[in-house]
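Below, chains carry the letters A, B, ... as their sequence lines are ordered, and counting in each starts from 1.
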Amino acid sequence: MKLATWNVNSLTVRLPQVLEWLDLHQPDVLALQETKVVDERFPVAALEALGYGSVFAGQKTYNGVALLSRRPLDNPKVGVPGLDDPQRRVVAATVGDVRVVCVYVPNGQQVGSEKFTYKLEWLAATRAWLEAELAEHTRVAVMGDLNIAPEDRDVHSPKRWEGQVLVSAPERDAFRGLLGTGLHDAFRLHPQPERVFSWWNYGALAFPRNWGLRIDHILVSAPLAAVCQSCEIDVGPRGHTRPSDHAPVIATFADP
DNA sequence: ATGGTCGGAGACCGA
């Protein structure tokens, strides 16, 4: 089984790249963030032509998440129960015996800002909900743009980023809180090269010089972690013309 | 020192 996540920064713009990537990698599930497309305009037919069904929750201009799968997406749920949030940031569904959760964590803008408070409150509510999901399902995968670089080794220049949004202590505490529910960072289950990132600022220099952060993640419950074979970031699409600023993350799991 | 959206210029969000 192959699970993947990709912040595409507008599915409308990136659709040709997404279709090409699906065809090349053939994931069982692809989670998308920042689709920036209302549900009425979600490209259902183009994805179905490749054999992928979809569940999605979009809005005008901002946010928007989706799950694509070749197998049925059962019991789809939009949003975090109890969190009254008009921003479309969460969609979950069951594929086979795996509960897959796609998240687009708020950016936070600046440490101490109103949006930063929203980010931390959002993360606390999401953590509580994930605890319930983990109690209900054995095999759980939470994947998406977490907008947190969990450790200094996930940052190209820890000194330059120290205390900034995406790397600050409260955000890293919240990330550890997610791991505290029994989730494991699939990327760190395996030996990895140094300086592997999933996001690079737009701008001519950032990607060629690998000035990036690892903020896109696949978190898995212990039974999935036990059969996780690999977790990699595919930097290929970041080098395309008119790319997303994020690269896809892929994890593979042994079939039972 | 750059991208996407909405709307028809530039504010807003992004990270």
_Closest approach to the side chain of A/Lys36, judged atom by atom: which nucleotide of B/dC6, B/dG14, B/dG4 is it?_
B/dG4

*Just call it for A/Gln109: base, sugar-phosphate, or nothing, with non-hydrogen atoms closer than 4.0 Å on any strand.*
base

*Check whether any side-chain nitrogen or oxygen of A/Arg242 sits under 4.0 Å from OP1 or OP2 of B/dG4, and answer yes or no.*
yes

*Heavy atoms under 4.0 Å, any strand shown: does A/Asp216 hit a base, just sugar-phosphate, or nothing?*
nothing

*Should the pair A/Phe42 and A/Phe56 be assigned to parallel (<30°), tilted (30 to 60°) or perpendicular (>60°) ring geometry?*
parallel

*If you check every side-chain atom of A/Asn201, which of B/dT5, B/dG14, B/dT2 has the closest atom?*
B/dT2

_Test side-chain contact (heavy atoms from CB on, under 4.5 Å) applied to A/Asp173 - qualifying residues, sequence neighbours left out_ = A/Arg176

_Closest to side chain of A/Thr61, choosing from B/dC6, B/dG4, B/dG14_ = B/dC6

*Checking all strands, does A/Val13 fall into the base, sugar-phosphate, or nothing category for heavy-atom contacts under 4.0 angstrom?*
sugar-phosphate

_Apply side chain to side chain contact (heavy atoms under 4.5 Å, CB included) to residues A/Ser198 and A/Arg238 and explain how you reach the verdict._
CA-CA 9 Å; A/Ser198 68; A/Arg238 187 59 182 80; over 6 Å; no

*What interatomic distance, in whole Å, is found between P of B/dC12 and the corresponding atom of B/dG7?*
15 Å

*Return the minimal non-hydrogen interatomic distance between A/Ile218 and A/Val249, and the atom names on each side.*
CD1-O, 3.7 Å

_Taking pairing as Watson-Crick or G-U wobble with both contacts under 3.5 Å, can you name the mate of B/dG4, or confirm there isn't one?_
B/dC12

_Separation of the C1' atoms in B/dA1 and B/dG14, to the nearest angstrom_ = 15 Å

